[in-house]
Protein chains: 2
Amino acid sequence: MPKRVDPTERRTLIADALMRVAAQRGLEAVSLRHVAAEAGATTGLVQHYFGTKDEMMLFALDVVSGHIGERMSSAVNALGPEPAPRDLLRAMATQLLPLDEARRADGRVGLAFFAYAATRPDVAEVQRRGSVGLRDFFATLMPLPAATTLLALVEGLALYMLTDTYPAQTALAVLDEFLDSVFSPAAGRP
Amino acid sequence: MPKRVDPTERRTLIADALMRVAAQRGLEAVSLRHVAAEAGATTGLVQHYFGTKDEMMLFALDVVSGHIGERMSSAVNALGPEPAPRDLLRAMATQLLPLDEARRADGRVGLAFFAYAATRPDVAEVQRRGSVGLRDFFATLMPLPAATTLLALVEGLALYMLTDTYPAQTALAVLDEFLDSVFSPAAGRP
DNA sequence: CGTTTTACATTACAGTCGTGATGCGAAAAT
DNA sequence: ATTTTCGCATCACGACTGTAATGTAAAACG
């Protein structure tokens, strides 16, 4: 048999191609053939590593959450030890905003998956778990209602940034204003 | 020739069928044949009123914004004359949340269109105009930054409600808390 | 009344889709 | 050295897509 191969590596290779296709041409353009072509391979390879298209999609969704997770931890690590809760939350929340091309691509894929999940209960379940987990972590640093608000607010800002409705500057200002209202309430009062 | 027909009426009939399909099976299931079947007609009819599929989609997007607009004005009218800004904003904002099946259906379609717009600049432009118009109206009743925040927050809440991540009760509590923070700032301070 | 125009149905076409089957060379296992 | 098994390519299938072409019945118009 041919050289033994790490299947996870191949799967990530395919999933990366999928995400390039999805980010550039939308999730509806994600077909076995397009993904295979983008990966420089054949549909046979894709089929070999993912029995069905849905399996491939699920795996790609995991990759996206993986990206977000990685960005969050490295942003948090960059803060040094014992960061203030406000800084920590800001660092994590901004990882959900499409502030550069990489995050923008992931954001487009994530949005596409949101729509995709509307008809796939199992996909929706994966997303739900991710969101709730994140909110619960936020809630260790601020009151639960504020954590809920923060997550929804950031997600909404990301949505509007993706459609170029709000520029990054506006989104960041909104985010900072909200964090202010939580961490230094009514600072400008007599 | 056959009985003269109001083309707008026919187009809305088709668009309604489109939205039923999209709400139930996702926007990816929206094909000329499925829409035609849902409308109890043939693809020929659809082709007669929409030269191309994209035209049909654009029209359907208009219908969705029309629905939202109608809901908003009737909710506002129900408030009676000279409503308080806070009540007005709350009445309008809640029309963007999927609080019943009708709004949920529109929400799913709207979300699908968000993803659809990611690859269609003209669709994105339509959405942008709607969002900015709404935000600017909000801004006549509250400071501009708060208006921006409100819209993003509501959109994010809607997203999470659509995936059943947050229940209606939570979303409404978050919304009310935010409105409180704008209209009765720091009420609980010494 | 005849003609033209409108509303829609039917069918055809070329392309893409997901999936299953099959083939085949290379390397690991024996 | 031979057999087995893995990695991947290739091809075929039926279903589905958007669009164009064509047909047809009916009512408006001259």
Can you tell which of D:dT17, C:dC8, C:dG18 lies closest to the side chain of A:L32?
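Within the option list, the nearest is C:dG18.
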Just grab all the salt bridge (Lys or Arg N to Asp or Glu O under 4.0 Å) pairs involving residues 94-107 of chain B, residues at least two apart or on different chains.
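Listed by first then second residue: B:R71-B:D106, B:D100-B:R103, B:R104-B:D164.
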Taking for each residue the nucleotide of DNA chain C with the nearest heavy atom, is it A:V30 or B:V5 whose nucleotide lies nearer the 5' end?
B:V5
Can you measure [X] atom [atom1] to [N] atom [atom2] for me and round it to whole angstrom units?
{"X": "B:H48", "N": "D:dA25", "atom1": "NE2", "atom2": "P", "result": "17 Å"}
{"X": "A:D54", "N": "C:dC17", "atom1": "CG", "atom2": "P", "result": "16 Å"}
{"X": "A:D6", "N": "D:dC6", "atom1": "CG", "atom2": "P", "result": "16 Å"}
{"X": "B:K53", "N": "D:dC16", "atom1": "NZ", "atom2": "P", "result": "15 Å"}
{"X": "B:M56", "N": "D:dT19", "atom1": "CE", "atom2": "C1'", "result": "13 Å"}
{"X": "B:E9", "N": "C:dT6", "atom1": "CD", "atom2": "P", "result": "18 Å"}
{"X": "A:I14", "N": "D:dG7", "atom1": "CD1", "atom2": "C1'", "result": "12 Å"}
{"X": "A:R11", "N": "D:dC8", "atom1": "CZ", "atom2": "P", "result": "12 Å"}

Using a cut-off of under 3.5 Å, enumerate the N/O to N/O pairs linking the protein to nucleotides 9-12 of chain C.
residue	atom	partner	partner atom	Å
C:dA9	OP2	B:T42	OG1	2.3
C:dA9	O5'	B:T42	OG1	3.4

So that I can tick it off, tell me whether B:R11 and B:D16 are bridged by a salt bridge, with the cut-off set at under 4.0 angstrom between side-chain N and carboxylate O.
no
Within residues 108-126 of chain A, which residues have any heavy atom lying less than 4.0 Å from an atom of DNA chain C?
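Those residues: none at all.
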Under the 6.0 Å and 45° cation-pi test, does A:R120 pair with A:Y116?
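Yes, cation above the ring, under 6.0 Å and within 45°.
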What closest approach, in Å, do [X] and [Y] show between heavy atoms, and which atom pair accounts for it?
{"X": "A:F183", "Y": "A:P85", "answer": "CE2-CB, 3.9 Å"}
{"X": "B:A91", "Y": "B:L79", "answer": "CB-CD1, 3.8 Å"}
{"X": "B:E28", "Y": "B:R25", "answer": "CG-O, 4.4 Å"}
{"X": "B:V123", "Y": "B:L61", "answer": "CG1-CD2, 3.6 Å"}

With hydrophobic residues grouped by side-chain heavy-atom distances under 4.5 Å, do B:F137 and A:Y160 end up in a single group?
yes
Mind checking B:F50 for me? I need base, sugar-phosphate or nothing, with any heavy atom below 4.0 Å counting as a touch.
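The residue B:F50 makes no contact with any strand.
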Would you please confirm or rule out a distance under 4.0 Å between OP1 or OP2 of C:dC17 and any side-chain N or O of A:H34?
yes
Please check the phosphate of D:dT17 (OP1 and OP2 only) for any side-chain N or O of B:S31 closer than 4.0 Å.
yes
Less than 4.5 Å apart, side chain to side chain, heavy atoms only: is that true for B:T149 and A:F178?
no
